[in-house]
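Please read the structure below before turning to the comments.
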There are 4 protein chains.
Amino acid sequence: MTTSIPQNEAREWTSDEYAPRKEDKFSFGLWTVGNRGRDPFGRIVREFKQALSDNGMVVPMATTNLFFHPIFKDGAFTSNDPTVRAFALQKTMRAIDLGAELGATTYVFWGGREGTETDAGKDPVVAVKRMRDAINFLCQYVVENGYQMRFALEPKPNEPRSDLYLPTIGHMLGFIYTLDHPEMIGLNPEVAHDLMAGLNFVHGVAQALDAGKLFHIDLNDQKGPRYDQDLRFGSENLKSMFFLVKLLEDKGYTGPRHFDAHAYRTEDEQGVWDFALGCMRTYNIFKGKARRFNADPEIQALLKEIRGGDQTYGGLLNGYSSETARKLKEATFDIETLAKRGLHYEKLDQLTVELILGAR
Amino acid sequence: MTTSIPQNEAREWTSDEYAPRKEDKFSFGLWTVGNRGRDPFGRIVREFKQALSDNGMVVPMATTNLFFHPIFKDGAFTSNDPTVRAFALQKTMRAIDLGAELGATTYVFWGGREGTETDAGKDPVVAVKRMRDAINFLCQYVVENGYQMRFALEPKPNEPRSDLYLPTIGHMLGFIYTLDHPEMIGLNPEVAHDLMAGLNFVHGVAQALDAGKLFHIDLNDQKGPRYDQDLRFGSENLKSMFFLVKLLEDKGYTGPRHFDAHAYRTEDEQGVWDFALGCMRTYNIFKGKARRFNADPEIQALLKEIRGGDQTYGGLLNGYSSETARKLKEATFDIETLAKRGLHYEKLDQLTVELILGAR
Amino acid sequence: MTTSIPQNEAREWTSDEYAPRKEDKFSFGLWTVGNRGRDPFGRIVREFKQALSDNGMVVPMATTNLFFHPIFKDGAFTSNDPTVRAFALQKTMRAIDLGAELGATTYVFWGGREGTETDAGKDPVVAVKRMRDAINFLCQYVVENGYQMRFALEPKPNEPRSDLYLPTIGHMLGFIYTLDHPEMIGLNPEVAHDLMAGLNFVHGVAQALDAGKLFHIDLNDQKGPRYDQDLRFGSENLKSMFFLVKLLEDKGYTGPRHFDAHAYRTEDEQGVWDFALGCMRTYNIFKGKARRFNADPEIQALLKEIRGGDQTYGGLLNGYSSETARKLKEATFDIETLAKRGLHYEKLDQLTVELILGAR
Amino acid sequence: MTTSIPQNEAREWTSDEYAPRKEDKFSFGLWTVGNRGRDPFGRIVREFKQALSDNGMVVPMATTNLFFHPIFKDGAFTSNDPTVRAFALQKTMRAIDLGAELGATTYVFWGGREGTETDAGKDPVVAVKRMRDAINFLCQYVVENGYQMRFALEPKPNEPRSDLYLPTIGHMLGFIYTLDHPEMIGLNPEVAHDLMAGLNFVHGVAQALDAGKLFHIDLNDQKGPRYDQDLRFGSENLKSMFFLVKLLEDKGYTGPRHFDAHAYRTEDEQGVWDFALGCMRTYNIFKGKARRFNADPEIQALLKEIRGGDQTYGGLLNGYSSETARKLKEATFDIETLAKRGLHYEKLDQLTVELILGAR
């Protein structure tokens with residue numbers, strides 16, 4: 001479960017233009033400052049609801065832990081053991097009930113154990129079917145109970161299993177369309193997870209946005225293909241995280257900006273708050289830079305030129321007709337001239353880098 | 001364009017049980033022994049058709065080159081320049097016409113330049129839309145012309161662009177479902193491309209099979225995340241390629257086993273034929289091992305046990321009903337016992353490795 | 001601390017030619033079947049020595065844990081805190097004393113926390129100096145105490161720190177030569193660690209052998225750049241591990257074949273023994289294959305040809321003299337002929353792969 | 001061969017504080033704006049020397065191409081063919097003569113083909129020996145000819161070979177100490193090459209500096225483990241390149257800041273100049289930020305605290321003596337208090353990131 005961020009900590013360090021505000025839609029998991037991998041709730045539902053109400057806070061997202069307990073060592077929904085699969089459904093139905101009671105409208109699935117160390121033991125086609133059966137079952141459960149809840153699937157390529165099924169934004173997207181209720185299912189992509197596969201996270205999120213499937217997002221950072229680091233948002237890939245914030249802001253993403261990160265293990269409690277504030281400040285710094293990028297006359301003039309090109313055939317690109325096809329097939333192109341055209345991407349990128357570095 | 005492999009070379013080296021035969025459905029690109037990146041056809045269509053006919057060969061797959069000429073330096077279908085996009089459509093329509101004339105039933109798209117070096121210059125959501133517009137256009141073109149042709153999209157994460165759009169099997173699958181004619185579109189996954197992202201290729205192919213989207217496959221090999229190596233099939237990832245062959249054979253994949261690989265640059269012409277024969281022999285060796293795996297009593301007994309588990313709740317996993325949900329929610333699970341169960345994957349994997357090594 | 005492997009378990013599963021024997025020099029850490037990251041000794045030294053003596057076992061290697069306790073969260077020898085550095089020296093001197101008492105002749109250093117998450121906080125040149133100061137200090141301690149002990153440094157690129165200092169075999173080798181007693185210091189390379197950096201481990205071990213610095217070796221396996229997996233030896237990179245075993249055997253490496261690996265987390269105790277036996281069996285299978293490779297007439301004939309070449313100038317490659325330099329500068333080479341020579345590496349590699357797969 | 005950068009181009013775009021100046025010691029290869037992989041010299045030595053003289057330019061570095069011509073397809077100094085090894089020595093002696101004539105004081109070795117696709121064909125220990133023999137030979141040649149020249153070795157992990165020998169800064173360092181004249185040999189590390197192995201380049205350069213072996217440096221950028229990208233310096237890893245510039249400037253590196261990068265393939269000639277200017281501007285921007293970092297009161301106060309710690313035992317860390325060892329062994333440490341100390345790295349890193357982003 002997550003909550004929106006309390007405001008008082010933000011004020012401790014700084015009150016400049018980058019200080020987090022309520023309208024920023026920042027959220028953190030309750031486990032960020034605690035111990036990961038534990039279910040944060042016992043029998044405190046009533047008190048928790050009261051606390052939320054008293055503080056004007058909401059629970060936007062719910063989940064349950066299907067990876068920490070050794071019963072899930074071979075997966076939950078894809079376990080080879082039918083009893084484990086049955087237990088995973090039970091545990092999830094109960095978590096959905098609780099999430100609904102607390103007002104959560106998004107339920108996140110992260111299948112931390114849905115994978116293999118050896119492909120000798122599990123049929124990978126059967127594994128996909130099992131995952132589909134489980135999600136279809138739970139969708140129907142939500143529908144029948146009249147819950148206003150949709151599901152967000154979180155992909156990850158590996159760790160703690162050697163290879164996880166449905167490892168990237170793309171694989172999850174492809175999977176969603178094979179479900180009974182694709183309209184109920186979207187994604188919760190995480191920065192670090194795609195970077196572990198060396199992928200361009202901005203492109204992945206753009207594809208999810210294009211498909212209307214960006215239900216939630218986990219912001220953090222990662223130094224390329226290695227162990228899952230969950231670093232402070234924007235602490236490593238400064239350029240790429242700038243483009244990510246720009247994409248979310250430009251495209252009007254309205255969901256939570258959720259930080260699923262952890263402070264360095266060198267930190268004490270004060271360090272954890274420094275870390276949390278840093279996540280939010282860096283997001284706001286990039287948001288400011290995205291506005292500057294969109295307003296920078298030199299950058300915008302360059303972009304206009306780059307995206308301009310010869311418009312002679314622009315009219316033939318608005319969809320198929322026999323006539324359009326015929327015209328295109330008969331057209332004569334000045335290939336050599338087109339090939340020689342310089343695209344000014346070096347200059348555009350340098351201007352962008354200088355903007356990111358605060359040098360323009 | 002590809003052709004099925006001539007049989008005489010295969011006989012040169014060896015005539016044992018692993019020697020390639022016509023029914024193996026092996027194919028190579030005409031560029032494998034030549035120079036990549038050139039369109040292999042001029043005005044030789046008539047002669048080529050005659051040669052195919054004379055030799056009982058077929059052209060199962062056609063494509064065109066949208067990445068070598070500098071006009072495509074910023075992409076073909078996703079170029080920022082509308083004239084380049086128009087030219088790419090023209091070039092592809094002509095190649096489709098030619099492919100149809102030669103009897104090709106699969107048309108492969110590999111968008112080698114559809115990507116970016118800097119995300120400053122191209123809107124990644126717009127790029128996906130442009131790609132969709134192009135494929136939709138060309139689908140309609142095929143439909144209107146009555147061609148018996150379907151499209152196979154080939155994903156790749158990077159190289160020659162810094163980041164390519166729709167970089168993995170998963171991203172392409174997700175994209176397909178947003179098209180006007182998803183039933184016409186499938187995948188042409190390539191071993192090396194997914195390994196460049198550190199992904200489990202067997203899992204990716206399994207997902208494509210599950211979705212009915214494995215239209216074609218490019219077999220080669222690769223040493224993990226680095227430059228695209230196109231190594232001889234099965235020359236590096238022996239275990240993973242065993243599981244791949246096992247998957248293709250067990251699931252009854254009927255398409256070509258297409259080798260899109262290249263001989264080491266140290267080779268002369270004889271070395272290229274050694275390389276081609278090696279691709280086919282290794283496939284057949286793995287095919288034989290897959291049969292042995294399925295017939296090995298010890299392995300099969302272990303698998304039966306691993307996949308067995310307690311069947312008490314197995315009956316509740318066959319789809320949703322209110323009654324099933326109620327029963328699952330009320331069930332009592334002996335979690336500790338389930339958690340302690342050993343799964344014997346180490347032994348199973350060791351037996352598998354010994355089978356692969358020919359030690360059992 | 002490590003012990004040579006008890007023989008009885010090995011007999012459980014199999015008694016074929018690959019079953020481990022005492023002369024194989026296999027060893028495992030005591031922590032392999034227990035919990036990693038704990039110091040395995042309390043006040044049981046006397047009993048332990050007796051047990052070793054009773055069973056004819058030796059302790060070839062000692063170490064201490066400078067990474068688990070949170071006092072080492074910023075490193076031990078490279079910590080920014082001088083008190084932590086002092087404590088690390090104390091702990092290591094005591095462990096050296098104990099190791100000497102138990103007869104260990106190799107002391108392994110693995111600096112699991114010697115690194116950074118951010119390069120803002122630690123000067124990387126100072127870090128190397130601190131590491132050197134510590135090793136120099138401890139060498140002198142060993143010398144002064146008359147211990148027959150040498151040090152083996154174990155490199156790792158990352159995890160649990162974001163970046164570890166001296167991350168590969170190469171970096172450790174370079175570091176050793178800057179020490180006061182380079183003759184006392186060698187390496188303990190680990191398969192998984194170099195594979196995390198995508199490096200060719202066989203090449204790295206060869207360089208260590210060339211330098212006379214392969215004091216110890218940690219055998220396991222790893223699926224490329226991702227979290228540290230410590231998989232069963234030979235379970236993933238079948239070809240590369242074959243070449244590794246071939247190198248160790250061909251070059252007459254006499255040290256322990258130490259397995260620093262862990263069973264999959266899916267296993268119970270029986271699975272751990274399956275895992276341990278699998279490590280040893282696979283080593284022996286590869287050892288047998290290395291002998292076959294060296295005896296295979298077709299492979300050896302091919303190698304002879306490949307390594308042959310034109311010997312005209314072979315005599316000029318045996319060291320510098322003015323005369324040799326003059327002759328070489330005046331020589332005329334038939335560059336085009338040399339350039340066209342095919343090297344038959346594809347055939348050689350295919351024969352090797354078939355040998356590894358047991359198909360020849 | 002390289003030259004210092006002409007000044008006029010730098011003035012074209014901008015004349016702000018980041019514009020390159022002569023004292024910045026920037027240099028580019030002559031091949032940067034031309035076609036890589038060709039030897040840039042024919043019979044133009046006299047004219048070239050005149051041009052250098054007329055323009056007050058120097059040739060700080062020389063090299064020759066031992067990787068482009070197919071004669072080197074299996075390596076130059078490590079080729080299995082003795083005639084190729086002999087030819088490589090000849091070619092290098094001639095290039096050394098020419099470099100000496102032009103006044104070059106550093107000779108760079110990049111062994112682009114010194115590696116393997118299959119370890120079946122080349123003994124990796126023999127390969128290291130061959131490399132050593134070649135460098136020893138050439139050192140002696142330089143000594144005998146009285147040239148004022150030292151060698152800089154450039155490591156790279158792979159591409160164009162599947163695995164290159166001596167793949168990182170570390171491996172090259174270790175190799176140097178096994179040579180006859182280690183004092184003549186240093187390194188020419190390249191940003192992109194270490195990033196291809198996922199290593200921390202700043203740490204590697206620091207180790208080279210510590211050893212007095214940073215003879216030259218190739219600046220560019222790279223998106224992690226993938227094909228060699230040679231991107232504009234500072235265009236990707238903004239944070240890491242800041243730390244690199246800070247290291248070079250803080251430690252007083254006096255050699256050339258050499259940009260071995262290439263413009264995106266989308267560019268025309270103007271784009272190449274934009275690219276070159278961008279490399280230099282970004283270096284200067286980071287140099288300015290390094291000065292600010294060193295002068296920032298909040299950052300410096302934090303660093304002082306972080307690097308402070310309890311000094312009780314500081315006096316025992318200045319080298320070994322029996323007395324020091326005794327005192328350290330007897331000391332009592334308050335482990336729990338030390339373990340709980342927060343290290344403020346999150347705050348320090350956030351302040352650093354904000355400084356890099358120009359937000360402080």
Side-chain angles (χ1 to χ4, degrees), chain A residues 70-71 74 80-87 89-90 93 118-121 124-125 128 137 140-141 163 165 167-168 170-171 173-174 177-178 197-200 202-203 206-207 209-211 225 243 306-307 309-311 313-314 316-317 320 325 328-329 331 333 335 338-339 343 345 348-349 352, chain B residues 70-71 74 80-87 89-90 93 117-121 124-125 128 137 140-141 163 165 167-168 170-171 173-174 177-178 197-200 202-203 206-207 209-211 225 243 306-307 309-311 313-314 316-317 320 325 328-329 333 335 338-339 343 345 348-349 352:
Chain A
I71 193 175
D74 189 36
N80 268 326
D81 190 327
T83 310
V84 175
R85 300 204 297 276
F87 173 69
L89 283 178
Q90 182 192 69
M93 285 190 284
T118 170
D119 285 332
V125 175
V128 173
F137 186 102
Q140 202 55 44
Y141 180 77
D163 289 298
Y165 294 119
T168 75
H171 294 79
L173 267 183
Y177 291 106
T178 72
L199 298 176
N200 184 316
V202 178
H203 289 190
Q207 189 179 353
L209 279 167
D210 171 75
F243 283 123
I306 287 169
R307 294 175 179 170
D310 182 345
Q311 299 300 322
Y313 298 98
L316 299 178
L317 295 169
Y320 186 86
L328 275 174
K329 285 184 75 173
F333 296 95
I335 295 177
L338 285 165
L343 295 180
Y345 285 148
L348 175 65
D349 190 67
T352 305
Chain B
I71 192 174
D74 189 35
N80 268 326
D81 189 328
T83 310
V84 175
R85 300 202 297 276
F87 174 68
L89 283 178
Q90 182 192 70
M93 284 189 284
E117 277 74 44
T118 171
D119 285 332
V125 175
V128 173
F137 187 103
Q140 201 56 45
Y141 180 77
D163 290 298
Y165 295 119
T168 74
H171 295 79
L173 268 182
Y177 292 106
T178 71
L199 298 176
N200 184 317
V202 178
H203 289 190
Q207 190 180 353
L209 279 167
D210 171 75
F243 283 123
I306 287 170
R307 294 174 179 169
D310 182 346
Q311 299 300 322
Y313 299 98
L316 300 178
L317 296 168
Y320 186 86
L328 275 174
K329 286 184 73 173
F333 296 94
I335 296 178
L338 285 165
L343 296 179
Y345 285 148
L348 175 65
D349 191 66
T352 305

Quick one: of [options], who has the most non-hydrogen atom pairs under 4.5 Å with chain B?
| options | answer |
| --- | --- |
| A:Leu317, A:Leu348, A:Ile306, A:Thr178 | A:Leu317 |
| A:Tyr313, A:Tyr177, A:Tyr165 | A:Tyr177 |
| A:Gly198, A:Ala331, A:Ala206, A:Gly121 | A:Gly121 |
| A:Ala211, A:Ala197, A:Pro167 | A:Ala197 |
| A:Asp119, A:Leu173, A:Leu328, A:Val125 | A:Asp119 |

Check [X] against [Y] and note the closest heavy-atom contact, atom names and distance.
| X | Y | result |
| --- | --- | --- |
| A:Lys329 | B:Gln90 | O-NE2, 3.3 Å |
| B:Pro124 | A:Val202 | CG-CG1, 4.3 Å |
| B:His171 | A:Gln207 | O-NE2, 2.8 Å |

Query raised in the report: Can you check whether B:Asp81 reaches A:Leu338 side chain to side chain, under 4.5 Å on heavy atoms?
Result: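 When only atoms from C-beta onward are counted, A:Leu338 and B:Asp81 do touch, with a gap below 4.5 Å.
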**Report entry** Non-hydrogen side-chain atoms of A:Asp74 and A:Val84 separated by less than 4.5 Å
**Finding:**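 Result no, sub-4.5 Å side-chain heavy-atom pair not found.
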Interchain contact, [X] with chain B, by part (heavy-atom threshold 4.5 Å):
| X | result |
| --- | --- |
| A:Val128 | side chain |
| A:Thr83 | both |
| A:Ile335 | both |
| A:Phe243 | side chain |

Segment of [X] engaging chain A (4.5 angstrom heavy-atom cut-off):
| X | value |
| --- | --- |
| B:Leu343 | side chain |
| B:Phe137 | both |
| B:Leu89 | side chain |
| B:Thr352 | side chain |
| B:Pro225 | neither |

Query - Check against side chain to side chain contact (heavy atoms under 4.5 Å, CB included), A:Asp349 and B:Glu117 - result: CA-CA 9 Å; A:Asp349 190 67; B:Glu117 277 74 44; over 6 Å; no
Query raised in the report: Hey, which of B:Arg85, B:His203, B:Gln140 has the most heavy atom pairs under 4.5 Å with chain A?
Result: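 Looking at each option in turn, the highest pair count goes to B:His203.
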Query raised in the report: Does a donor on one side chain and an acceptor on the other come within less than 3.5 Å for A:Asn80 and B:Tyr345?
Result: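 Indeed, the side chains of A:Asn80 and B:Tyr345 share at least one donor-acceptor pair under 3.5 Å.
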